[in-house]
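Counting starts at 1 for both ligands and their atoms, following the listed order. These figures come from a predicted structure and were not determined experimentally.
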Amino acid sequence: MNASQPAPVSTGSPPPRSRVERLAELLEIHGPFDAETARAEAARCLQCPEAFCVSGCPLGSRIPEWLALTAEGHFLEAAALIQADNNLPEICAGPCPSEDLCQSACVLASRDQPVAIAALARFLQEFALRHAPPVADAPPNGLRVAVLGSGPGALACADELVRHGYAVTVYDTWAVPAGFLANGGPALALEESLIQQRLEQLRHRGVVLVSGARWGETHTLQTLREQFDAVYLAFGAQQARSLSIPGATLRGVGQALSFLLPHLTQPAPPLAPIEVRGRRVVVIGGGDTAMDCLRRAREAGAARALGLYRREEAHLPAAPREYAAARAAGASFLWQVQPVAFTGSPAGAVTGVRCVRTRPGAAEPDGRPEPVPVPGTEFTVPADVVLLALGFDPAPHPLARELARLARSSEGRLRVDEHLMTSEPGLFAGGELVRGPGPVVEDVRDGRRAAEGIHRHLFQRRVNELAASETDHLAPG
Ligand code: SF4
């Protein structure tokens, strides 16, 4: 949708559209809104009595209510309603897989396009960041909480706690705060300025953000437990997957994150930028990170940006909007191909990717067909730069030894009660450590629940202390 044009109004069942048409439409739907187009898009909501979009949202966001406010132009009220259920809505609206959650549940999805819920949420939160009055937090209550990790769950927990008057310190190992959110993973479409605004707001409200913490060295769990009244463990531990094929160490073969976020990723000092201007860039993988690499390579002047994916286009895991954006930037794709080696020059620079074609095999546990290499179909794609965007694997965490004393589930994850407290009183955990990897909204939900659990636990502790002090004089001297 062009910002100066009104939103299209649905008129019954449209004729079937090609994938390219749908992609173009998705790009428009997710384009930036202004006040007029936001109101028009929100007005498409049917205000369903039984709103499936709400049940599709892990946070239970009151979507029809804030869409109605948006349609009437009450943007600050609409933003406040979103914030009541979500501490980081402007951040969630970017990486949240809304196409699989609220938007896929929207009744309009089966007839035409669903309401652009995520893009509207983002518009509202950007509006609120510019126009809303500062948050009024409770006065300091004298209690201190450490939050380990600075991703969405950690920041949501800190936001809730500081509202209740806690002194909160957020620790992370990254050189730049915001954890995996700013430093890689599923949120690469997120604008850095949005994260920075949110961090600045938290700092302004008294949250201390400590970057570059070295677990087990500068900070141990034991010292943090001694210094703070409660601790929330909200970190994840992931490492980018590599490809063990001949030529993997050639110059020009690198990780996607080294290209996308060289100034943010570990280790310090920052990595040298990967130059793609005028070069033939090949990206291996089919997720959002791969799409982001392709789009940004084209925007940075790459002569060609080619994506290689081992399954068919229909099984691409990337969000449709990320795929559409990569296509719109001029990226091209080869489907059903699998790299088997990288070719190189005598000087050790990559010159191409040797591939084999695949065919769909038996269904894997996730329902997608296993890609089976077809012998004799090998060919080489020329390349000056190859970026690996193959996802992430769990990485060993330096605090693992200290965490070993905590109870675990049968899958080996930390066991917590309904308030997210681990087997050690005062030590809380959520997100990946408890559930495994998941969407950012689930991390936010955990962060909010942990803050509530911490508040409840410390309030009860204070009540017990007061009761004990009032009966001290009764104790035998
Ligand atoms: S399901 Fe779609 S149309 Fe119905 S209330 Fe939710 S956003 Fe509106």
Side-chain angles (χ1 to χ4, degrees), residues 1-3 5-17 19 21-128 189-190 319-322 324 438-442 444-445 448:
M1 185 187 317
N2 185 303
Q5 292 173 343
V9 176
S10 310
T11 52
S13 300
R17 291 157 294 157
R19 186 168 173 87
E21 283 174 318
R22 285 192 294 120
L23 288 173
E25 200 164 271
L26 267 167
L27 260 190
E28 290 197 344
I29 290 270
H30 290 282
F33 286 115
D34 60 19
E36 188 190 346
T37 52
R39 290 185 65 174
E41 179 64 12
R44 292 180 59 227
C45 172
L46 304 175
Q47 294 294 313
C48 308
E50 189 185 348
F52 297 126
C53 54
V54 177
S55 32
C57 172
L59 292 169
S61 181
R62 286 164 275 177
I63 294 165
E65 292 174 54
W66 61 256
L67 284 176
L69 288 166
T70 307
E72 290 164 12
H74 301 308
F75 299 144
L76 285 182
E77 290 88 337
L81 201 54
I82 298 175
Q83 281 170 17
D85 299 314
N86 183 352
N87 303 71
L88 307 167
E90 80 286 1
I91 288 175
C92 288
C96 179
S98 49
E99 292 90 352
D100 299 326
L101 299 172
C102 57
Q103 285 182 196
S104 72
C106 174
V107 290
L108 291 175
S110 57
R111 300 187 211 167
D112 184 19
Q113 283 293 348
V115 177
I117 299 168
L120 283 169
R122 186 161 168 168
F123 162 79
L124 291 168
Q125 296 315 314
E126 288 178 4
F127 186 89
L190 194 56
R321 61 184 157 174
E322 300 298 331
V440 285
V441 277
E442 291 187 0
V444 169
R445 185 191 58 196
R448 291 168 61 86

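- Panel note: side chain Glu65, backbone Leu81; no donor-acceptor pair is recorded below 3.5 Å.
- The nearest protein atom to atom 2 (Fe) of ligand 1, hydrogens excluded, is given as Cys106 SG, 2.4 Å; this is a heavy-atom distance.
- Among protein heavy atoms, atom 3 (S) of ligand 1 sits closest to Leu46 N, 3.3 Å.
- Among all non-hydrogen protein atoms, the one lying nearest atom 8 (Fe) of ligand 1 is Cys45 SG, 2.4 Å.
- In summary, the atoms of ligand 1 found under 4.0 Å from a heavy atom of Leu67, numbered by their order in the structure, are 7 (S).
- The CG atom of Asp85 sits 9.5 Å away from atom CD1 of Ile63, with the distance rounded to the nearest 0.5 Å.
- Between the Thr37 side chain and the Phe33 main chain, no donor and acceptor come within less than 3.5 Å of each other.
- Here the side chain of Arg44 pairs a donor or acceptor atom with the backbone of Gln113 at under 3.5 angstrom.
- In summary, the atoms of ligand 1 found under 4.0 Å from a heavy atom of Cys53, numbered by their order in the structure, are 1 (S), 5 (S), 6 (Fe), 7 (S).
- The Val107 neighbourhood of ligand 1 comprises atoms 1 (S), 2 (Fe), 3 (S), 4 (Fe), with distances under 4.0 Å to a heavy atom of that residue.
- With values rounded to the nearest 0.5 angstrom, Ile117 atom CD1 is found 9.5 Å from Glu41 atom CD.
- Distance from atom 4 (Fe) of ligand 1 to its nearest protein heavy atom, with residue and atom name: Cys48 SG, 2.3 Å.
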Inset, instruction - Go through Gln125 and Gln83 one step at a time and tell me if the side chain to side chain donor-acceptor pair (under 3.5 Å) criterion holds. - result: CA-CA 9 Å; Gln125 296 315 314; Gln83 281 170 17; 2.7 Å; yes
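- Ligand-side atoms of ligand 1 in range of Pro64: 5 (S), range being under 4.0 angstrom from any heavy atom.
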